[in-house]
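The analysis underlying the following values was restricted to heavy atoms, covering all of them including side chains, and did not include hydrogens, waters or symmetry mates. Throughout, residue positions are numbered sequentially from 1 according to the sequence presented.
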Amino acid sequence: MYIDNILFAIILIVGIGFFAQNVKKLTRNINLGQDVNRNDNSSARWRNMAMIALGQSKMVKRPIAGFLHIIVYVGFVIINLEVLEIIIDGLFGTHRVFSFLGGFYGVLIGSFEVLAVLVLVAVVAFWIRRNVIKLKRFASSDLKGAPKKDADTILYFEVVLMSLFLIMNAFDLYPEKMNGGNIISQFLAPSPDFFSLEAVIIIERAAWWLHIIGILIFLNYLYYSKHLHILFAFPNTYFAALNV
């Protein structure tokens, strides 16, 4: 038990520590610029952030892409709120520590599962648009090679993480702890005719570990990706020049 907790703590420290080092590099680079006061006209800045960071501006120009973008972005961010519970469980050896919230916890888990499915659908749609339909705007030379590989990698990451989340819930030995929140994963639950108790435990634990490790890897991959804006979209758009 304690070995698992210590291993989890080490993985968490390494993952967050590496990310912190990269954030320090970003901060250093930002501080090389000239100071500009961007605290004026807060109402316009909030409006600008909402329009761009959440993808509403895309809804006007490209409604399909904009809608899918909102689903993936908002869904991915909200679902990963459950990472806090995983961290507490991993460090202290508990299991679904927030289940004491009762019905509210069930609503949260249920919402996460619905969002996970929506994210999967949206990501598959993005992948088809980029790799099967091959829309004209993805055919330009500057979107081939490394940019295309990076975009596909992000999509694969999201598919794996969302799938692991649903598998983790489906193979949980104590579904009652989810307080009815397993509205999707209950249909993926293992049949005792095909899975032994030991197999169920192993799969659930494997999905749990891979989920948190995958999130840490994804977090650190963003530093090297053109999708770094996922982390900085909100501050970037809020402090952007308004007169451009």
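Grouping the Ile, Leu, Val, Met, Phe, Trp and Tyr side chains by contacts below 4.5 angstrom, directly or via other members, places Val114 with Val123. Taking hydrophobic clusters as Ile, Leu, Val, Met, Phe, Trp and Tyr residues chained together by side-chain heavy-atom distances below 4.5 Å, Leu161 does not share a cluster with Ile167. Ile203 and Ile86 fall into different hydrophobic clusters, defined by Ile, Leu, Val, Met, Phe, Trp and Tyr side-chain heavy atoms under 4.5 Å apart, directly or through other members. With hydrophobic clusters built from ILVMFWY side chains whose heavy atoms lie under 4.5 angstrom apart, Ile16 shares a cluster with Phe218. Criterion: ILVMFWY side-chain heavy atoms under 4.5 Å apart, direct or through other members. Under it, Phe187 and Val117 are not part of a common hydrophobic cluster.
In this structure, Arg45 contributes its side chain and Asp40 its backbone to a donor-acceptor pair below 3.5 Å. The main-chain N or O of Lys177 is found under 3.5 Å from a side-chain atom of Asn179 such that the two form a donor-acceptor pair. Between the side chain of Asn220 and the backbone N or O of Leu216 there is at least one donor-acceptor pair closer than 3.5 Å. Looking at Asn182, its side chain never comes within 3.5 Å of a backbone N or O of Pro175 through a donor-acceptor pair. A side-chain donor-acceptor contact under 3.5 Å links Asp150 to the backbone of Lys226.
The ring of Phe157 has its center closer than 6.0 angstrom to the ring center of Tyr221. If you look at Phe195 and Phe171, their ring centroids are closer than 6.0 Å.
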Please evaluate residues Tyr224 and Asn22 with respect to the criterion side-chain contact (heavy atoms from CB on, under 4.5 Å), reporting the C-alpha separation (whole Å), side-chain torsions for both, the decisive distance (0.1 Å), and the verdict.
CA-CA 10 Å; Tyr224 305 96; Asn22 288 333; 4.0 Å; yes
Using the rule given for side-chain contact (heavy atoms from CB on, under 4.5 Å), can you reason through Leu197 versus Ile201, listing the C-alpha separation, both sets of side-chain angles and the distance that settles it, and then say yes or no?
CA-CA 6 Å; Leu197 178 61; Ile201 294 174; 4.2 Å; yes
Quick one, Leu166 with Leu120, criterion side-chain contact (heavy atoms from CB on, under 4.5 Å). Give me CA distance, side-chain angles, the key distance, then yes/no.
CA-CA 11 Å; Leu166 292 172; Leu120 285 171; 4.1 Å; yes
Can you check side-chain contact (heavy atoms from CB on, under 4.5 Å) on His211 and Phe165, steps first, answer last?
CA-CA 7 Å; His211 185 64; Phe165 171 71; 3.9 Å; yes
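Both the sub-6.0 Å distance and the 45° axial angle are satisfied by Arg205 relative to the ring of Trp208.
For the atom pair OG of Ser196 and CD1 of Ile202, the computed distance is 7.0 Å after rounding to the nearest 0.5 Å. One finds the OG1 atom of Thr94 at 8.5 Å from the CG atom of Asn5 (value rounded to the nearest 0.5 Å). Taking CD1 of Ile11 as the reference point, atom CD1 of Ile212 lies at 9.5 Å (rounded to 0.5 Å). With rounding to the nearest 0.5 Å, the separation of CD1 in Ile215 from CD in Glu82 is 5.5 Å. Of the inter-residue distances, the one linking Asp172 atom CG with Glu176 atom CD reads 8.0 Å to the nearest 0.5 angstrom.
Other cluster members for Ile13: none, since no ILVMFWY side-chain heavy atom sits under 4.5 Å from it. By the 4.5 Å side-chain criterion applied to Ile, Leu, Val, Met, Phe, Trp and Tyr, Leu210 is assigned to a cluster that also includes Val160, Leu164.
Val36 has its side chain out of reach of Phe239: every pair of non-hydrogen atoms, C-beta onward, lies at least 4.5 Å apart. The side-chain heavy atoms of Phe8 and Trp209, taken from C-beta on, include a pair separated by under 4.5 Å.
Shortest non-hydrogen contact noted between Ser42 and Tyr238 is CB-OH, 3.7 Å. Val97 and Glu85 make their closest contact through N-OE2, 3.4 Å (heavy atoms, listed as atom of the first residue, atom of the second, distance). Nearest approach of Pro190 to Ala170, heavy atoms of both residues: CD-O, 3.3 Å. When all heavy atoms of Lys148 and Asn131 are compared, the closest pair comes out as NZ-OD1, 2.5 Å. Gly110 approaches Ile183 most closely through the heavy-atom pair O-CD1, 3.6 Å. Of all heavy-atom pairs between Ile184 and Glu113, the closest is N-OE1, 2.8 Å.
If you run side-chain hydrogen bond (donor to acceptor under 3.5 Å, both in side chains) between Asn169 and each of Gln186, Arg96, Glu204, only Arg96 comes through.
Listed by first and then second residue, the ring-ring contact (aromatic ring centres under 6.0 Å, His included) pairs involving residues 97-118 amount to none (not counting sequence neighbours).
Residue Phe194 qualifies as open at atom CZ: its count of foreign heavy atoms under 6.0 Å is 12 or below.
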